[in-house]
K.L.:
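Would you mind keeping the following structure in view while I ask a few things?
Treat the numbers as computed from the prediction; the structure is a model and nothing was measured.
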Amino acid sequence: MPNFIMSRVVRQFTKPAAALVAVLAVGTVGYLIIGGSATTVVDALYMTFITIATIGYGEVIDMTGKPGARIFTMCIGFAGIGVTSYIFSKVTAFIIAGEFNTVLRRRKMLKRISQLSGHYIICGAGRVGANVAHELEKTNRAYVLLDIVDTAIKGHAERYPHALYVLGDATEDEMLEEAGIRRAAGVFAVTGDDNRNLVITLSAKQINSACRVVARCHEVNYFSKMERVGADAIVSPDFTGGMRIVSSMVRPHVVDFLDEMLRADGDLRVEQIVTGQPTAGNTVAKFAPQSVEYVVLAMRTAAMDTVFNPLPERVLQAGDVVVVMATPAGRRTLEHRAAAGVSA
């Protein structure tokens, strides 16, 4: 049972349970005294239980000619009925409140998701999906986590309480719609099943052909299938892992540099900024003046020509992609300048 549920149970039922135990204890002791030496603890406890539960069995302990004993029984009965009724009411309220809170949280979540635009949908909350979500968190990008496994979603929500998520099957169009697929900038199909990732890719592209889909794939024979259904990029953890192992051997300093840049608690990332019409005609130096928040590494022209370390006086054209090493704040600054014009 999750810790937050256990804490609610303890908080709600400690006092009622203590009251019930107290009534049972008082009744047992009382009937031991009333019954005398011939009465066992089990007999006294049983007598207390059937009195509290109003079962109606015959008296185990003879109270004939003992009006005080019968008054004691009535008192135990009233106290026991009151305590048990209170416990049942608490249980009912606990169940109803839990269901109500679940529905309320879902409505609030869907309302927040409906206000998103240009966000990312992560289909799969496993180890790969969790790492994708962490990277989006570090770079301040909005996302919605979508998974059918309740424990995976709750685990992520405990780590990131503000995170947005949808509990459901990512292969179903309805779930993608709830995650805001029509307004999303991209979809990560990163479940552990190639078949599911294939269906997610197909569904996402059919609903929103403009969104970019990056799919996870293990089997080589699925690559062509995912390309045919519209995957914009296909990543094989096995292939990438092999390349990383080789790089660690033959170019360790490059790998160390990338690890330092992409370390979990760091902010620097290699980002891309697409220039628009407001920025066209400006030079690289004017668009991205020297700053500690970013460094221009390269640019790719609309004609797909790549220029490394472009000169400051190089003129930008609409549609050029500027590759920078930047912090999240530096990336947002350049994105704003690209969208609104350099003079903004």
K.L.:
Could you name each residue pair satisfying salt bridge (Lys or Arg N to Asp or Glu O under 4.0 Å) that touches residues 184-205, not counting sequence neighbours?
P.N.:
Asp169-Arg196, Lys205-Asp232

K.L.:
Looking at every non-hydrogen atom in both residues, tell me the closest pair between Gly180 and Ile121 and how far apart they are.
P.N.:
C-CD1, 4.1 Å

K.L.:
Kindly write out the residues that satisfy salt bridge (charged side-chain N to carboxylate O under 4.0 Å, His left out) with Glu172, not counting sequence neighbours, or none if the list is empty.
P.N.:
none

K.L.:
Between Gly124 and Leu145, what is the shortest heavy-atom contact and its length?
P.N.:
O-CD1, 4.0 Å

K.L.:
Answer yes when Glu135 and Arg269 have at least one side-chain N-carboxylate O distance shorter than 4.0 Å, and no when they do not.
P.N.:
yes

K.L.:
Inspect the surroundings of CZ in Phe223 and state if more than 12 heavy atoms from other residues, nucleotides or ligands are less than 6.0 Å away.
P.N.:
yes

K.L.:
Can you list the steps and then say if Val323 with Met299 is a side-chain contact (heavy atoms from CB on, under 4.5 Å)?
P.N.:
CA-CA 5 Å; Val323 180; Met299 62 176 292; over 6 Å; no

K.L.:
Which word best sums up how the rings of Tyr143 and His156 line up, parallel for under 30°, tilted for 30 to 60°, or perpendicular for over 60°?
P.N.:
perpendicular

K.L.:
Please say yes or no: joined through hydrophobic side-chain contacts below 4.5 Å, possibly via intermediate residues, are Ile273 and Val321 part of one cluster?
P.N.:
no

K.L.:
Would the number of heavy atoms belonging to other residues, nucleotides or ligands and lying under 6.0 Å from CZ of Phe88 be above 12?
P.N.:
no

K.L.:
With a sphere of 6.0 Å drawn around NZ of Lys66, does it hold more than 12 non-hydrogen atoms of other residues, nucleotides or ligands?
P.N.:
yes

K.L.:
Do Thr327 and Glu293 pair up side chain to side chain, a donor and an acceptor below 3.5 Å, judged on atom types alone?
P.N.:
yes

K.L.:
Under the 3.5 angstrom rule, does the side chain of His119 hit a backbone N or O of Ile181 as a donor-acceptor pair?
P.N.:
no

K.L.:
Between the main-chain N or O of Asp173 and the side-chain N or O of Ser203, is there a donor-acceptor pair closer than 3.5 Å?
P.N.:
no

K.L.:
For the CZ atom on Phe72, are there more than 12 heavy atoms of other groups (residues, nucleotides or ligands in this structure) within a distance under 6.0 Å?
P.N.:
yes

K.L.:
At their closest point, which heavy atom of Thr48 faces which heavy atom of Gly27, and how far apart are they?
P.N.:
OG1-C, 3.1 Å

K.L.:
Quick one: does Thr301's side chain have a donor or acceptor within less than 3.5 Å of a partner on Asp305's backbone?
P.N.:
yes

K.L.:
Can you confirm whether Gln290 is buried at CD, in the sense that more than 12 heavy atoms of other residues, nucleotides or ligands lie under 6.0 Å from that atom?
P.N.:
no

K.L.:
Counting heavy atoms not belonging to His253, are there more than 12 under 6.0 Å from its NE2?
P.N.:
no

K.L.:
Is it true that Glu158 and Lys154 have a side-chain N and a carboxylate O under 4.0 angstrom from each other?
P.N.:
no

K.L.:
Going by atom type alone, with no hydrogens or angles, which donor-acceptor pairs under 3.5 Å involve a side-chain atom of residues 28-43 and a protein atom two or more places apart or on another chain?
P.N.:
{"unit_1": "Thr28", "atom_1": "OG1", "unit_2": "Leu24", "atom_2": "O", "d": "2.7"}
{"unit_1": "Tyr31", "atom_1": "OH", "unit_2": "Thr73", "atom_2": "OG1", "d": "2.8"}
{"unit_1": "Thr39", "atom_1": "OG1", "unit_2": "Gly35", "atom_2": "O", "d": "3.2"}
{"unit_1": "Thr40", "atom_1": "OG1", "unit_2": "Asp43", "atom_2": "N", "d": "3.1"}
{"unit_1": "Thr40", "atom_1": "OG1", "unit_2": "Asp43", "atom_2": "OD2", "d": "3.1"}

K.L.:
Check Asn282 against Lys286 and note the closest heavy-atom contact, atom names and distance.
P.N.:
OD1-CD, 3.3 Å

K.L.:
List the atom of Glu137, the atom of Ala163, and the distance in Å for their closest heavy-atom pair.
P.N.:
OE2-CB, 4.5 Å

K.L.:
Without swapping roles, check the side chain of Arg216 against the backbone of Val190 for a donor-acceptor pair under 3.5 Å.
P.N.:
yes

K.L.:
Same cluster for Val187 and Tyr165 if Ile/Leu/Val/Met/Phe/Trp/Tyr side chains link at under 4.5 Å?
P.N.:
yes

K.L.:
Between Asn131 (side chain only) and Arg127 (backbone N and O only), is there a donor and an acceptor less than 3.5 Å apart?
P.N.:
yes

K.L.:
How far does OG1 of Thr201 sit from CD1 of Ile234, to the nearest 0.5 angstrom?
P.N.:
8.0 Å

K.L.:
Answer yes if Val83 and Tyr46 sit in the same cluster of Ile, Leu, Val, Met, Phe, Trp and Tyr residues linked by side chain heavy atoms under 4.5 Å apart, and no otherwise.
P.N.:
yes

K.L.:
Could you grab the distance from atom CD of Glu177 to atom CE of Met175, nearest 0.5 Å is fine?
P.N.:
10.0 Å

K.L.:
Does a side-chain heavy-atom distance below 4.5 Å link Thr283 with Arg314?
P.N.:
no

K.L.:
Is it the case that Asn195 and Tyr222 place a side-chain donor and acceptor less than 3.5 Å from each other?
P.N.:
yes

K.L.:
Please tell me whether Val235 and Met243 are part of a single hydrophobic cluster in this structure, the criterion being side-chain heavy atoms less than 4.5 Å apart.
P.N.:
no

K.L.:
Under a 4.5 Å cut-off applied to non-hydrogen side-chain atoms, are Tyr294 and Glu271 in contact?
P.N.:
no

K.L.:
Is a donor on one side and an acceptor on the other found under 3.5 Å between the side chain of Asn309 and the backbone of Leu297?
P.N.:
no

K.L.:
Answer yes or no: is there an ion pair linking Lys111 with Glu178, defined by an N-O contact shorter than 4.0 Å?
P.N.:
no

K.L.:
Could you tell me whether a side-chain N or O of Asn197 sits under 3.5 Å from a main-chain N or O of Ala215, the two making a donor and an acceptor?
P.N.:
no

K.L.:
Are Phe188 and Ile148 grouped together when hydrophobic residues (ILVMFWY) are joined by side-chain heavy atoms under 4.5 angstrom apart?
P.N.:
no

K.L.:
Verify the distance criterion only: is there a donor paired with an acceptor across the side chains of Asp320 and Thr275 at less than 3.5 Å?
P.N.:
no

K.L.:
Where the side chain of Arg337 meets the backbone of Phe287, is there a donor-acceptor pair that is under 3.5 Å apart?
P.N.:
yes

K.L.:
Above 12 or not: heavy atoms from other molecules or residues under 6.0 Å from CD of Glu174?
P.N.:
no

